[in-house]
There are 2 protein chains.
Amino acid sequence: MLSSSSKYAVNAVLYLAVHSSQINKIRAKEIAEAIKLPSPFLAKLLQTLSRENIVSSSKGPTGGFYLTPEAQQRPLLEVVKIIDGTDRLDECVLGLKKCSSEKPCPVHFSVQPLKKTFRKELEENSIASFAEKVKSGETYLFV
Amino acid sequence: MLSSSSKYAVNAVLYLAVHSSQINKIRAKEIAEAIKLPSPFLAKLLQTLSRENIVSSSKGPTGGFYLTPEAQQRPLLEVVKIIDGTDRLDECVLGLKKCSSEKPCPVHFSVQPLKKTFRKELEENSIASFAEKVKSGETYLFV
DNA sequence: TCTTATTAGGACAAAGTAATCCTAAAAGAG
DNA sequence: CTCTTTTAGGATTACTTTGTCCTAATAAGA
């Protein structure tokens with residue numbers, strides 16, 4: 001449903017949302033270690049997100065990545081959109097081009113609610129709100 | 001959620017369930033044309049399914065693929081299992097190794113029930129029952 | 001100003017998946 | 001029995017995704 005890359009990206013962004021701030025930037029390497037990921041690869045993902053201004057960055061010693069308060073208000077779906085491009089989430093599970101309620105594929109009605117709910121969740125909740133639940137121990141990022 | 005290969009396979013199997021019988025075998029090429037797929041690739045998938053006895057085949061002129069009535073009674077999930085191997089369906093959407101109700105990932109509770117429903121649907125309904133709905137025009141295989 | 005630590009970015013390598021090709025084996029038809 | 005049509009299976013190719021490496025740019029601190 002999501003590519004590995006965008007799973008990583010979501011994890012990294014939530015990690016930043018929980019741990020970083022403009023005065024407490026975090027190096028790619030530290031995030032990579034935390035979420036157990038090859039660090040040059042994560043760096044690439046962060047660069048992509050940085051180009052789209054969803055994460056902020058600063059070079060040099062004491063440099064690193066962080067999320068501005070504004071960025072934290074954006075929906076988590078933005079991250080997925082940037083990494084996976086378009087709507088991988090909207091595609092028919094059986095690959096039918098024009099699957100719809102009018103011409104449903106054989107599993108349409110059992111899958112459609114799943115996809116819709118998931119997409120809505122990512123669309124309507126901000127990065128910050130997901131991060132809150134991690135902070136409160138309601139949800140987890142690793143293990 | 002499913003690989004392209006297993007999407008093709010599901011489509012092909014349902015096509016066979018709808019159109020074939022032991023006395024009306026269907027050539028790989030015909031199925032490939034129907035579901036718009038490179039025919040040598042589909043042939044490979046059908047061979048794999050045939051090795052696992054979910055589709056039956058016969059060589060030579062008038063040869064082709066078909067489903068026995070017994071095969072039609074097997075759950076559609078079998079097809080997915082054979083092609084995608086293990087449980088791609090059970091993995092955490094965010095890629096967490098040990099995502100569970102005790103240590104839920106940030107989207108666990110919104111996605112988990114729906115994944116379960118989907119899996120159950122594939123597990124509890126036979127190929128034949130999916131095929132029935134296609135025959136009755138309730139669901140569709142192409143377009 | 002020089003050194004060092006970090007991100008930026010492009011080129012490249014590896015792995016996995018998707019797709020092709022070729023030859024063999026089987027089975028029906030003449 | 002031979003020819004043709006079809007599946008079977010292995011080897012190979014192509015493509016996409018994932019991951020690495022190297023150099024440049026930038027910023028902080030000595």
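Quick note on labels: first sequence line is chain A, next is B, and so on, each numbered from 1. What you are looking at is a predicted structure, and each value in this text was computed from that prediction instead of being measured.
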Novice: Applying the 4.5 Å side-chain criterion to the ILVMFWY set and letting contacts propagate, would B:V111 and A:Y140 be lumped into a single cluster?
Specialist: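 Looking at the clustering, A:Y140 is in a separate group from B:V111.
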
Novice: Check every atom of D:dA8, C:dA29, C:dA18 against the side chain of B:S50 and return the nucleotide holding the closest atom.
Specialist: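 Nearest to the side-chain atoms of B:S50, counting from C-beta on, is D:dA8.
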
Novice: Rounded to the nearest Å, what distance is computed from the CD1 atom of residue B:I26 to the P atom of nucleotide D:dT5?
Specialist: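 Rounded to whole Å, this separation is 20 Å.
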
Novice: Can you tell me if the side-chain N/O atoms of A:S5 get under 4.0 Å from OP1 or OP2 in D:dT17?
Specialist: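 No, no such contact exists.
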
Novice: What's the NZ-P distance between B:K36 and C:dA18, to the nearest Å?
Specialist: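 So the NZ-P distance, B:K36 to C:dA18, works out to 21 Å.
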
Novice: From the list C:dA29, C:dT20, D:dT7, which nucleotide is the closest neighbour of the side chain of B:F65?
Specialist: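 Looking only at heavy atoms from C-beta outward on B:F65, the closest nucleotide is D:dT7.
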
Novice: Using a 4.0 Å heavy-atom cut-off, does A:A28 contact any base of the nucleic acid, only the sugar-phosphate backbone, or nothing at all?
Specialist: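 The answer is sugar-phosphate, as A:A28 gets under 4.0 Å only of primed atoms, P, OP1 or OP2.
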
Novice: Relative to the 5' end of DNA chain D, which residue comes earlier, B:G63 or A:L37, by the nucleotide with the nearest heavy atom?
Specialist: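 Between the two, 5'-proximity favours B:G63.
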
Novice: Which is true for A:K44 with a 4.0 Å heavy-atom rule: it touches a base, it touches only sugar-phosphate, or it touches nothing?
Specialist: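 Result for A:K44 = base.
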
Novice: Quick one: B:K7 NZ to C:dA19 C1', roughly how many Å, whole number?
Specialist: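 Result: 17 Å.
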
Novice: Among the candidates D:dT20, D:dT18, D:dG9, find the nucleotide nearest to the side-chain atoms of A:S4.
Specialist: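 So the side chain of A:S4 is nearest to D:dT18.
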
Novice: For B:K59 and C:dA25, what is the distance between atoms NZ and P respectively, to the nearest whole Å?
Specialist: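 Roughly 9 Å, once rounded to whole Å.
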
Novice: Check this one for me: any side-chain N or O of B:R51 less than 4.0 Å away from OP1 or OP2 of D:dG9?
Specialist: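 Checking B:R51 against D:dG9: at least one side-chain N or O falls below 4.0 Å of OP1 or OP2.
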
Novice: Should B:V10 and B:F130 count as side-chain neighbours, where that means a heavy-atom distance under 4.5 Å?
Specialist: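 They are not in side-chain contact.
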
Novice: Rounded to whole angstrom units, what separation is found between the CZ atom of B:F41 and the P atom of D:dT7?
Specialist: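 Between P of D:dT7 and CZ of B:F41: 17 Å.
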
Novice: So if I take every side-chain heavy atom of B:T62 and compare against C:dC21, D:dG9, C:dG28, which nucleotide ends up nearest?
Specialist: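 When the side chain of B:T62 is considered, C:dG28 is the closest of C:dC21, D:dG9, C:dG28.
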
Novice: On DNA chain C, check which nucleotide each of B:S39 and B:K25 is closest to and give me the residue with the more 5' one.
Specialist: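 Counting from the 5' end, the first nearest nucleotide belongs to B:S39.
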
Novice: Are A:L77 and A:N125 close enough that some pair of their side-chain heavy atoms sits under 4.5 Å apart?
Specialist: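 A:L77 does not reach A:N125 side chain to side chain.
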
Novice: If I take atom CZ in residue A:R27 and atom P in nucleotide C:dT4, what distance separates them, rounded to the nearest angstrom?
Specialist: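 Result: 17 Å.
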
Novice: Please say yes or no: joined through hydrophobic side-chain contacts below 4.5 Å, possibly via intermediate residues, are A:L14 and A:Y66 part of one cluster?
Specialist: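 The answer is no; the residues belong to distinct hydrophobic clusters.
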
Novice: Just to confirm, is there a sub-4.0 Å distance from OP1 or OP2 of C:dA18 to any side-chain nitrogen or oxygen of B:Y8?
Specialist: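 Result: no.
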
Novice: Closest approach to the side chain of B:P61, judged atom by atom: which nucleotide of C:dA27, C:dT7, D:dA8 is it?
Specialist: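 Nearest listed nucleotide: C:dA27.
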
Novice: Rounded to whole angstrom units, what separation is found between the CD1 atom of A:I83 and the P atom of D:dT16?
Specialist: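 After rounding, the gap between these two atoms is 19 Å.
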
Novice: Rounding to a whole Å, what distance do you find between B:Q22:CD and C:dA27:P?
Specialist: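 Rounded to whole Å, this separation is 13 Å.
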
Novice: Do B:S58 and B:F65 come within less than 4.5 Å of each other through their side chains, counting heavy atoms only?
Specialist: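 No. Closest side-chain heavy atoms not under 4.5 Å.
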
